[in-house]
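Structure, as structure tokens:
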Amino acid sequence: MQSVERAMALLGAIGQAGRPLSVRELGLQVSLPRPTVYRLLTTLQDAGMVTPVDGGFTIGPRVLWLAARRLEQAELRAAGRPHLLDLRDQTGETVHMAVLEQGQVVYIDKVESGGPMRMASTIGAIMPAHCTALGKAMLAHLPPDEVRTILARHGMPRRTPQTITEPDSLLAELETIRARGYAIDNIENEEGVRCAGAAVFDHQGRVAGAISVSGSVHSLSLDRIRREVGPRVSATAMRISRAMGWQGGPASGRAE
């Protein structure tokens with residue numbers, strides 16, 4: 001914990017300075033001996049958190065990437081919120097928004113239904129991508145090699161008897177999702193729950209996140225998803241994409 005606190009102090013000092021700081025200057029600012037500062041900076045540099053410039057150190061590309069991701073998520077949530085509320089009112093079901101971080105689904109917003117059923121999901125929660133409508137919707141617009149890398153890294157654990165656990169089977173479903181415009185979680189992640197999800201694109205056509213409608217198997221039959229809910233989710237995702245600046249069509253957002 002002490003090393004983490006010292007590393008954070010160094011990052012804070014570098015961030016506030018607005019210019020590269022030398023090891024000596026950093027040592028004075030955080031009250032640490034130079035060997036300790038140098039050792040911590042070496043570790044931070046290896047992680048991309050700081051970078052050497054003009055005999056000193058400044059904020060590294062990894063910090064800038066994380067900051068940019070946070071801003072993108074804030075923009076996505078702000079752009080999507082009114083559409084999530086509309087989608088909840090249209091369907092009467094719980095609506096989620098999520099992003100893909102390191103190959104896993106991270107919830108960034110949730111609008112509960114007005115009914116008695118409450119979803120166990122929470123903002124900030126992390127879920128697998130291979131068995132959720134949100135995750136499959138986003139994976140469908142990534143290159144197959146990237147999808148295989150994600151699946152190899154995280155595996156495809158069976159969460160219900162319906163879970164797809166073979167990479168080739170999932171890749172075949174992702175093709176269907178791209179053609180259809182939305183993904184279906186048919187009791188694949190949680191017993192008694194179905195979901196329909198669709199990807200959201202940023203101004204460059206890259207996958208920015210996804211939205212979904214979730215409900216019990218009694219209220220969200222496969223027929224209802226195909227006839228009503230899935231198309232609504234897809235249309236809402238495209239409206240959010242438009243708000244994010246995307247001018248292309250649903251299939252154009254696939255990264256090649």
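- A donor-acceptor pair is defined here as one N or O able to donate and one able to accept, closer than 3.5 Å; such a pair exists between the side chain of His130 and the backbone of Pro157.
- The backbone N or O of Ile184 lies less than 3.5 Å from a partner atom in the side chain of Lys136, making a donor-acceptor pair.
- The side-chain heavy atoms of Ile59 and Thr51, taken from C-beta on, include no pair separated by under 4.5 Å.
- Between the CG atom of Leu40 and the CZ atom of Phe57 there is a distance of 11.0 Å, given to the nearest 0.5 Å.
- Remark: Met138 CE to Gln104 CD distance equals 11.0 Å, nearest 0.5 Å.
- A distance of 7.5 Å separates CG in Leu220 from OG1 in Thr91, rounded to the nearest 0.5 Å.
- Under 4.0 Å is where a charged nitrogen must lie from a carboxylate oxygen, and between Glu112 and Lys110 at least one such pair does.
- Considering only heavy atoms from C-beta on, Thr160 stays 4.5 Å or farther from Asn189 through its side chain.
- Remark: Arg34 fails to qualify as a cation-pi partner of Tyr38 under the 6.0 Å distance and 45° angle criteria applied to the six-membered ring.
- Side chain of Ser221 to backbone of Val217: no donor-acceptor contact under 3.5 angstrom is found.
- For Asp46, the CG atom is densely surrounded, since the number of other residues' heavy atoms within 6.0 Å is greater than 12.
- The main-chain N or O of Glu188 is found under 3.5 Å from a side-chain atom of Thr163 such that the two form a donor-acceptor pair.
- A salt bridge between Arg148 and Asp168 is present, with a side-chain N of the basic residue lying under 4.0 Å from a carboxylate O of the acidic one.
- For the residue pair Thr236/Arg239, the side-chain donor-acceptor check at 3.5 Å is satisfied.
- Placement of Val23 and Met8 within a single hydrophobic cluster is found when ILVMFWY residues are connected by side-chain heavy-atom separations under 4.5 Å, directly or transitively.
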Quiz item: Are Val207 and Leu100 close enough, and set up right, to give a side-chain contact (heavy atoms from CB on, under 4.5 Å), and what steps lead you there?
Solution: CA-CA 9 Å; Val207 176; Leu100 197 65; 6.0 Å; no
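- Side-chain atoms of Arg242 come within 3.5 Å of backbone N or O of Gly248 as a donor-acceptor pair.
- A distance of 5.0 Å separates NE2 of His96 from OH of Tyr107, quoted to the nearest 0.5 Å.
- In this structure the side chain of Pro128 never reaches within 4.5 angstrom of the side chain of His154, judged on heavy atoms.
- Ion pairing of Glu190 with Arg159 is absent here, as no side-chain N (NZ or NE/NH1/NH2) approaches a carboxylate O to less than 4.0 Å.
- Taking CD1 of Ile14 as the start and CE of Met49 as the end, the distance is 10.5 Å to the nearest 0.5 Å.
- Put simply, the side chain of Ser241 gets close to the backbone of Phe201: a donor and an acceptor are under 3.5 Å apart.
- Between Arg81 and Asp109 there is a salt bridge, with a side-chain nitrogen of the basic residue lying less than 4.0 Å from a carboxylate oxygen of the acidic one.
- Under a 3.5 Å cut-off, the side chain of Glu25 and the backbone N or O of Ser22 do form a donor-acceptor pair.
- Rounding to the nearest 0.5 angstrom, the gap separating the CZ atom in Arg62 from the CD atom in Gln45 is 16.0 Å.
- Counting heavy atoms from C-beta on, the side chains of Ile211 and Val233 come closer than 4.5 Å.
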Practice problem: Test side-chain contact (heavy atoms from CB on, under 4.5 Å) on Thr149 and Arg153 and set out the steps. | Solution: CA-CA 6 Å; Thr149 298; Arg153 180 189 309 150; 3.9 Å; yes
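- Side-chain N/O atoms of Glu93 and Ser214 include no donor and acceptor closer than 3.5 Å.
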